[in-house]
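Scope of the values below: all heavy atoms of this structure, side chains included, with no hydrogens, waters or symmetry mates.
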Amino acid sequence: MPLVVPVLRLFMVFMNVYDTYKTLKIPTGRKGGPPSIRAMTQRKRDLKGCLAVWVVWCCLASYERTFDRFISFIVPFYSEFKSVVFLFLLLTRAKGAEPLYLHILRPLIKPYVDTVDPLLDLARDIGDFLFALSQVPLNYVL
């Protein structure tokens with residue numbers, strides 16, 4: 001069973017990348033014309049689903065990094081349960097990830113948005129500064 005979870009995880013990533021690629025491709029209308037309103041509405045729904053899938057996927061990945069080994073010692077049949085969750089997310093795609101995002105993750109994240117956004121902007125600015133600083137030749141500084 002330890003081999004099943006990584007294979008499912010890898011398959012899930014590749015399928016999500018492929019679905020996101022298909023969704024991000026701008027639809028064209030008949031004979032190369034502009035897309036219909038129906039096609040654009042469907043694309044918007046698909047984009048929301050892709051975003052929900054990636055948010056749920058990132059939360060699962062961060063959960064695995066921090067708590068996976070600890071919980072696997074406590075909960076019996078943990079890897080089987082995790083395989084079932086991955087299969088559920090694989091088979092249902094956005095229809096399975098959207099309720100998880102809307103009813104579990106969004107209420108947990110929403111109160112902290114005003115605090116986290118400026119911190120992420122600051123971290124990005126610091127990273128940009130450090131990257132720019134790393135581009136300066138060492139001989140020029142000395």
Side-chain angles (χ1 to χ4, degrees), residues 1-138 140-141:
M1 201 55 155
L3 182 63
V4 173
V5 173
V7 169
L8 283 175
R9 188 183 309 124
L10 188 65
F11 188 68
M12 189 173 165
V13 167
F14 285 125
M15 291 304 293
N16 288 341
V17 167
Y18 181 67
D19 285 345
T20 304
Y21 169 75
K22 286 191 321 185
T23 303
L24 289 176
K25 196 168 73 170
I26 297 174
T28 58
R30 293 183 182 167
K31 298 180 183 176
S36 66
I37 294 173
R38 182 177 175 201
M40 292 306 287
T41 305
Q42 182 63 36
R43 182 175 185 252
K44 186 177 178 182
R45 264 189 251 126
D46 290 345
L47 284 171
K48 281 183 179 180
C50 280
L51 181 62
V53 166
W54 283 113
V55 168
V56 168
W57 173 255
C58 289
C59 288
L60 276 175
S62 64
Y63 156 77
E64 282 184 328
R65 283 282 204 199
T66 53
F67 301 115
D68 198 41
R69 290 188 186 199
F70 176 71
I71 299 223
S72 65
F73 285 126
I74 295 173
V75 177
F77 302 109
Y78 176 70
S79 66
E80 286 82 2
F81 176 70
K82 196 162 62 170
S83 299
V84 169
V85 169
F86 280 135
L87 276 173
F88 167 73
L89 288 174
L90 261 172
L91 297 175
T92 59
R93 301 267 188 236
K95 289 174 182 59
E98 278 188 69
L100 288 175
Y101 170 73
L102 291 174
H103 300 296
I104 296 172
L105 293 175
R106 192 169 71 173
L108 287 173
I109 295 170
K110 196 171 185 177
Y112 304 107
V113 167
D114 294 334
T115 307
V116 171
D117 278 346
L119 291 174
L120 288 174
D121 288 339
L122 179 67
R124 187 193 64 219
D125 291 342
I126 290 172
D128 289 344
F129 175 73
L130 291 175
F131 179 74
L133 193 62
S134 71
Q135 299 301 312
V136 176
L138 189 59
Y140 182 72
V141 174

- Query: More than 12 non-hydrogen atoms from neighbouring residues, nucleotides or ligands closer than 6.0 Å to CD1 on Ile26, yes or no?
  - Reply: no
- Would you find more than 12 non-hydrogen atoms of other residues, nucleotides or ligands less than 6.0 Å from Ile37 atom CD1? no
Got [X] and [Y] here, is their nearest side-chain heavy-atom distance under 4.5 Å?
| X | Y | answer |
| --- | --- | --- |
| Arg9 | Met12 | no |
| Lys44 | Leu47 | no |
| Leu51 | Val55 | yes |

Value rounded to 0.5 Å, distance of [atom1] in [X] from [atom2] in [Y]:
| X | Y | atom1 | atom2 | value |
| --- | --- | --- | --- | --- |
| Ile109 | Cys59 | CD1 | SG | 5.0 Å |
| Leu133 | Asp128 | CG | CG | 12.5 Å |
| Lys95 | Leu100 | NZ | CG | 14.5 Å |
| Leu122 | Asp117 | CG | CG | 12.5 Å |

- Query: With sequence neighbours left out, what residues match Trp54 under side-chain hydrogen bond (donor to acceptor under 3.5 Å, both in side chains)?
  - Reply: Thr20
What are the two closest heavy atoms between [X] and [Y], and how far apart are they?
| X | Y | result |
| --- | --- | --- |
| Cys50 | Asp19 | SG-O, 4.1 Å |
| Glu98 | Gly49 | OE2-CA, 3.7 Å |
| Gly96 | Phe88 | CA-CZ, 3.8 Å |
| Pro107 | Leu102 | CD-O, 3.4 Å |

- Check for a donor-acceptor pair, side chain of Ser36 on one end and backbone N or O of Ala39 on the other, with a separation under 3.5 Å. yes
- Item | Candidate pair Leu89 and Trp57, rule side-chain contact (heavy atoms from CB on, under 4.5 Å), full reasoning | CA-CA 9 Å; Leu89 288 174; Trp57 173 255; 6.0 Å; no
- Carboxylate-amine/guanidinium proximity below 4.0 Å for Arg43 and Asp46: no
- Apply side-chain contact (heavy atoms from CB on, under 4.5 Å) to the pair Phe86 and Leu60, showing each step before the final yes or no. CA-CA 10 Å; Phe86 280 135; Leu60 276 175; 4.0 Å; yes
- Query: Taking only residues two or more places apart in sequence or in another chain, which ones pass side chain to side chain contact (heavy atoms under 4.5 Å, CB included) with Tyr78?
  - Reply: Tyr63, Asp68, Ile71, Ser72, Val75, Lys82
- Message: Applying side-chain contact (heavy atoms from CB on, under 4.5 Å) to Lys48 and Arg45, what does each step give before you reach the verdict?
- Response: CA-CA 5 Å; Lys48 281 183 179 180; Arg45 264 189 251 126; 5.7 Å; no
